[in-house]
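Basis for what follows: all heavy atoms, side chains included, without hydrogens, waters or symmetry-related copies.
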Amino acid sequence: MKNLLLVLFIVLSLPIMSQPIPQKLDSLLNCEILNSSEYGITIFDLTDGNSIYRYQDQKLFRPASVEKIITTVTAIDKLGENYTFDTKVCYTGDIKDGTLNGNLYIIGGFDPEFMEKDMDMIVDAIKKSGIKHISDSLIFDVSMKDSAYWGPGWAWDDAGFSFQPYLSPLMVNRGCVDVTVYPMRRYKAPRIKSSPQSNYYKIINKAQSRNKGAGKLLAYRNYMDGGNDITVSGNAAYITTKRVSVSNSADFFVNLFVSKLSKEGINANSYEFGELLGDSTSTSLYTLQRPFQKVLDRALKKSDNLSAEAILFNLAAKSSNKKRVGFKDGVEAINSFIKKSLGFNPTKYNIVDGCGISTYNYVSPELIIEFLKYAYYHQNVFYSFYNGLPIAGVDGTMRNRLRNSDAHGNLRAKTGSLTGVSSLAGYVKAKNGHQYAFVIINQNFLSNKKAHIFQDKICNILVE
């Protein structure tokens, strides 16, 4: 009897199991989350070279961080995988008896991975050159980009958070301060250590150790005043590190750099922002190079906004071959790629930044799938791009998703999240050996969890 029931179950299940992917996906469209929200889906079989599912894929959506797919694929193609983000040190004049008779220039190349240890390396290189005094000026050159430190449509009330630092070609520690809180005896003020240490900001300790009644532990800056007073409050129950952006990343860089030079006994007659003109005769002293892949990995795996914008501005500088580039120059390079490499009309979309946090961005799933297809079919782009994508259940923003499924370790995709927007786009290999590219965008909802469940169901269908 048991064998008969098993056979009957298998026979009845065969029609469901053998349903084609479009039919299975259509069965998801009655999901509760879709009753009050918009969604667009497109899936392309890269192995066979044909589209297998499309739903509202030409509709315009706010992409959130899947916008980074557009930025990074364009940049890999145009900059090349061996591109580096360079911070340069050079001087005019000559060095004699410990005095530089001229100017010393620190030239920013918008390296988002530039940390305090890198600054120490540059200071050490200056020290080893024999310079003790600069007769003219120590000049900080941030002429690579314009003075706009945030993108169009970025939220003003995100200014105090680490994911929206002040953008500059010269930044250290991602334009942020790391505040580590060490609890002491109950009700006592915790010990606080900050890094990089500088007098550019001020720490105000209002926290209490091991007191639940003190509330959640917070570290926040008086960003409404444009100030750099960082207040720590709440319950310090265990060792915790908070990252807080500072007002004006370039000024923070200068303050820390001058302080480090001073500690080494190196000084200048003046310190200022300026520019090394193209016709100036200068001597290179040191160049710190950051590999593209390092920046790319953080932009994709960690969905880091700063890294994505650094990529956009380097793309803008390289494409336009000019200084003081702005967001429009980066977008112009992307639109050119959309038109010439993808064959699409860029005027049908609105792209304003490189990371996707702007509420002004509007693209379609159809456009994003074209970027995924282009990367896949161009191996000079695909290797770097694919390796940078988060792996389901393993790392990045996908580390906690699809762990207990066949997509675990298989699916690689970029996530995106804004208030009211959740997106997922990338690649997955099915059991039949076919490689799929997919884009899913949910918009106009308030539950990320429900959106993730819906997206994960689609991914599991593709793997089967």
Side-chain angles (χ1 to χ4, degrees), residues 82-145 166-177 195-201 246 248-295 310 313-314 317-318 321 323-324:
N82 295 320
Y83 185 81
T84 57
F85 294 69
D86 298 346
T87 304
K88 300 178 180 179
V89 182
C90 63
Y91 62 88
T92 56
D94 55 31
I95 303 170
K96 186 175 182 180
D97 299 328
T99 296
L100 169 59
N101 299 296
N103 294 319
L104 182 67
Y105 293 84
I106 313 299
I107 306 172
F110 211 148
D111 173 7
E113 295 290 327
F114 191 98
M115 297 297 165
E116 188 174 10
K117 60 181 177 59
D118 299 310
M119 185 176 285
D120 290 337
M121 291 171 63
I122 289 179
V123 170
D124 186 59
I126 295 171
K127 181 181 178 181
K128 288 179 178 178
S129 73
I131 297 174
K132 286 293 183 180
H133 177 69
I134 303 166
S135 66
D136 293 343
S137 295
L138 172 58
I139 298 177
F140 297 89
D141 188 337
V142 293
S143 62
M144 173 189 177
K145 71 177 292 295
Y166 285 60
L167 305 179
S168 169
L170 286 175
M171 300 180 70
V172 60
N173 202 49
R174 315 186 68 74
C176 296
V177 175
S195 177
Q197 292 186 7
S198 169
N199 62 8
Y200 186 75
Y201 59 87
V246 295
N248 200 317
S249 297
D251 285 347
F252 183 38
F253 184 102
V254 172
N255 177 279
L256 188 61
F257 194 89
V258 170
S259 174
K260 287 181 177 292
L261 281 184
S262 180
K263 288 178 182 178
E264 296 295 336
I266 303 170
N267 59 74
N269 279 343
S270 64
Y271 309 96
E272 60 189 76
F273 287 104
E275 178 183 349
L276 178 65
L277 299 177
D279 58 354
S280 300
T281 301
S282 63
T283 303
S284 176
L285 191 151
Y286 185 81
T287 300
L288 191 145
Q289 296 184 312
R290 190 78 56 196
F292 191 2
Q293 192 68 49
K294 180 79 173 178
V295 179
F313 278 96
N314 273 267
K318 178 75 176 292
N321 195 29
K323 292 188 176 183
R324 295 178 180 82

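With contacts defined as side-chain heavy-atom distances shorter than 4.5 Å, the pair F85/F292 qualifies. Taking 4.5 Å as the limit, some side-chain heavy atom of F273 sits within range of a side-chain heavy atom of V254. Proximity of L167 to F110: side-chain heavy atoms (C-beta onward) are separated by under 4.5 Å at one or more points.
Atom NZ of K260 sits in a crowded spot, with more than 12 heavy atoms from other residues, nucleotides or ligands closer than 6.0 Å. Residue E272 qualifies as enclosed at atom CD: its count of foreign heavy atoms under 6.0 Å is above 12. In K294, the NZ atom is not crowded: 12 or fewer heavy atoms of neighbouring residues, nucleotides or ligands sit closer than 6.0 Å.
Checking side-chain atoms of T84 against main-chain N and O of R290 turns up no donor-acceptor pair under 3.5 Å. No side-chain donor-acceptor contact under 3.5 Å links S137 to the backbone of Y271. Judged purely by atom type and a 3.5 angstrom limit, T92 has no side-chain atom pairing as donor or acceptor with the backbone of G102.
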The test is ring pair (Phe, Tyr, Trp, His ring centres under 6.0 Å); show your working for F257 and F140 and say whether it passes.
CA-CA 10 Å; F257 194 89; F140 297 89; 5.7 Å; yes
Report the C-alpha distance between R174 and E113 in whole Å, list the side-chain angles of each, state the deciding distance to 0.1 Å, and finish with yes or no for side chain to side chain contact (heavy atoms under 4.5 Å, CB included).
CA-CA 7 Å; R174 315 186 68 74; E113 295 290 327; 3.4 Å; yes
Where do Y200 and N248 land on the side chain to side chain contact (heavy atoms under 4.5 Å, CB included) test, with the steps shown first?
CA-CA 10 Å; Y200 186 75; N248 200 317; 3.7 Å; yes
Verdict with supporting geometry, H133 and N269, side chain to side chain contact (heavy atoms under 4.5 Å, CB included)
CA-CA 8 Å; H133 177 69; N269 279 343; 3.4 Å; yes
Decide yes or no on side chain to side chain contact (heavy atoms under 4.5 Å, CB included) for T87 and D118, but give the supporting numbers first.
CA-CA 10 Å; T87 304; D118 299 310; over 6 Å; no
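Ring pair Y166/F252: centre-to-centre distance not below 6.0 Å.
Here CG of D97 is found 13.5 Å from NZ of K132. Values are rounded to the nearest 0.5 Å. Annotation: the span from L170 atom CG to S249 atom OG amounts to 10.0 Å, rounded to 0.5 Å. Note that CD1 of I134 is 6.5 Å distant from CD1 of I126, once rounded to the nearest 0.5 Å. Distance check, rounded to the nearest 0.5 Å: CG of L256 to CG of N173 gives 9.5 Å. Between M121 atom CE and E116 atom CD the span is 13.5 Å, to the nearest 0.5 Å. Once rounded to the nearest 0.5 Å, the distance linking OH of Y201 with SG of C176 reads 11.5 Å.
Ring pair F253/F114 is tilted by interplanar angle, where 30° to 60° counts as tilted.
Taking every heavy atom of both residues into account, C90 and L276 meet most closely at SG-CD2, 3.4 Å. When all heavy atoms of G108 and M144 are compared, the closest pair comes out as O-CB, 3.9 Å. Taking both residues in full, the closest heavy atoms of S143 and E275 are given as OG-CG, 3.6 Å, listed atom of the first, atom of the second, then distance. Residues V295 and P112 come closest through the heavy atom pair CG1-CG, 3.6 Å. Considering every non-hydrogen atom in both I266 and I131, the closest pair reads CG1-O, 3.5 Å. The two residues S168 and A250 come nearest to each other via the heavy atoms OG-CB, 3.4 Å.
In this model, a donor atom of one side chain and an acceptor atom of the other lie less than 3.5 Å apart for S198 and N255.
When D86, V89, I122 are each tested for a side chain to side chain contact (heavy atoms under 4.5 Å, CB included) with T287, only one passes: D86.
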